[in-house]
Amino acid sequence: MPPRKDNILLTGFMGAGKSDTARELAKITGLFAIDTDELVESLVGMRIADIFAAQGEAAFRALEQRTADWLAASVDHTIVATGGGFFMVRGFMELGRVFFLDVDFEIIRARLGSGPQAAKRPLFQDIDAARARFAERLPGYRAAAHHIIRAGNRSCADIAREIIGLL
Ligand code: S3P
């Protein structure tokens, strides 16, 4: 389905490099870059990990849907880094051109490790569960993308250049 809007959306699993690539794209294009995780946090004044701990995943997904509805109503010509599960919101592909940053799980695992980057991600605490979720989501990421970028271990600048070439 062609997008109704002129946004550029970055999707993919946790640690795929969506936020850094969004900033790189903003630098190149002069557009603003926003991040759905930050928008969700701003809605309730809580960190993602605290939302999961206090209210659970379903409540977090409802906040993502509210964020998607706001993007649909109010945001255009903007680069949007999305949380790893955001592609499941209703109307996702109509929000803009969707670029799936396709990175193998083992690269993500090495990148996030078990440090602060993993700590702030409630769904990356149990590696086996994260690996299973990754495998389960992969067909969905592919189906919900207008473009698939084999991002692997490439730099964000390199990925951003490929995206610009596709626009
Ligand atoms: C999630 C990914 C996270 C964040 C939340 C849930 C997911 O975003 O939205 O922890 O379901 O994959 P990042 O992809 O930016 O880590």
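Note that the coordinates shown come from a computational prediction; the quantities given were computed from them, not determined experimentally.
Nearest heavy-atom pair across R111 and G17 is NH1-N, 4.0 Å. Across every non-hydrogen atom of M93 and A143, the tightest pair is SD-O, 3.7 Å. Contact between T36 and G83 at its shortest, heavy atoms only, is OG1-N, 2.9 Å. Contact between I159 and A151 at its shortest, heavy atoms only, is CD1-CB, 3.7 Å. Contact detail for F87 and G140: the closest heavy-atom pair is CE1-C, 3.6 Å. The heavy-atom pair separating L123 from A130 by the smallest distance is O-CB, 3.6 Å.
Here the side chains of L25 and L31 are not in contact, with every heavy-atom distance at 4.5 Å or above. The shortest distance between side-chain heavy atoms of D102 and R142 falls below 4.5 Å. Using a 4.5 Å heavy-atom threshold, the side chains of I48 and K120 count as separate. The shortest distance between side-chain heavy atoms of I108 and F134 falls below 4.5 Å. Side-chain contact check for L138 versus F100: some heavy-atom pair is nearer than 4.5 Å. Side chains of I149 and T21 form no contact here, defined as non-hydrogen atoms less than 4.5 Å apart.
Of the inter-residue distances, the one linking L167 atom CG with D6 atom CG reads 9.0 Å to the nearest 0.5 angstrom. Here the CZ atom belonging to F86 is positioned 8.0 Å from the CG atom belonging to L39, to the nearest 0.5 angstrom. One distance of note links CG of D76 with OG1 of T78; it measures 7.0 Å at 0.5 Å rounding. Put simply, CE on M46 and CZ on F52 are 11.5 Å apart, with the number rounded to the nearest 0.5 Å. To the nearest 0.5 angstrom, I79 atom CD1 is 12.0 Å from K27 atom NZ. Once rounded to the nearest 0.5 Å, the distance linking CZ of F13 with CZ of R131 reads 10.5 Å.
A single hydrophobic cluster is seen to contain both I28 and I163, as judged by linkage of ILVMFWY side chains at heavy-atom distances under 4.5 Å, directly or through other members. M88 and L101 end up in different hydrophobic clusters when Ile, Leu, Val, Met, Phe, Trp and Tyr side chains are linked at under 4.5 Å.
For Q125 (side chain) and A118 (main-chain N/O), a donor-acceptor pair under 3.5 Å exists by modelled atom type. In this structure, the side chain of R121 engages the main chain of Q117 through a donor-acceptor pair within 3.5 Å. N7 places no side-chain N or O within 3.5 Å of a backbone atom of L9 that could act as its donor or acceptor partner. Y141 places no side-chain N or O within donor-acceptor distance of the main-chain N or O of I148, the cut-off being under 3.5 Å. Between the side chain of R137 and the main chain of G84, a donor-acceptor pair closer than 3.5 Å is present.
A salt bridge between E57 and R133 is present, with a side-chain N of the basic residue lying under 4.0 Å from a carboxylate O of the acidic one. At a threshold of 4.0 Å, the pair D104-R150 counts as salt-bridged, since one of the basic side-chain nitrogens sits closer than that to a carboxylate oxygen. Of the charged side-chain nitrogens involved, none lies within less than 4.0 Å of a carboxylate oxygen, so that K5 and E94 do not count as a salt-bridged pair. Checked for salt-bridge contact, R109 and E106 meet the test: a charged N lies under 4.0 Å from a carboxylate O. Note on R23 versus D20: salt bridge recorded, some NZ/NE/NH1/NH2 to OD/OE distance being below 4.0 Å.
Aromatic ring pairs are classed by plane angle as parallel below 30°, tilted from 30° to 60° and perpendicular above 60°; the pair F99 and H147 is parallel.
For the residue pair R61/Q65, the side-chain donor-acceptor check at 3.5 Å is not satisfied.
Checking each of L95, T67, T11 against T82 for a side chain to side chain contact (heavy atoms under 4.5 Å, CB included) leaves exactly one that passes, namely T11.
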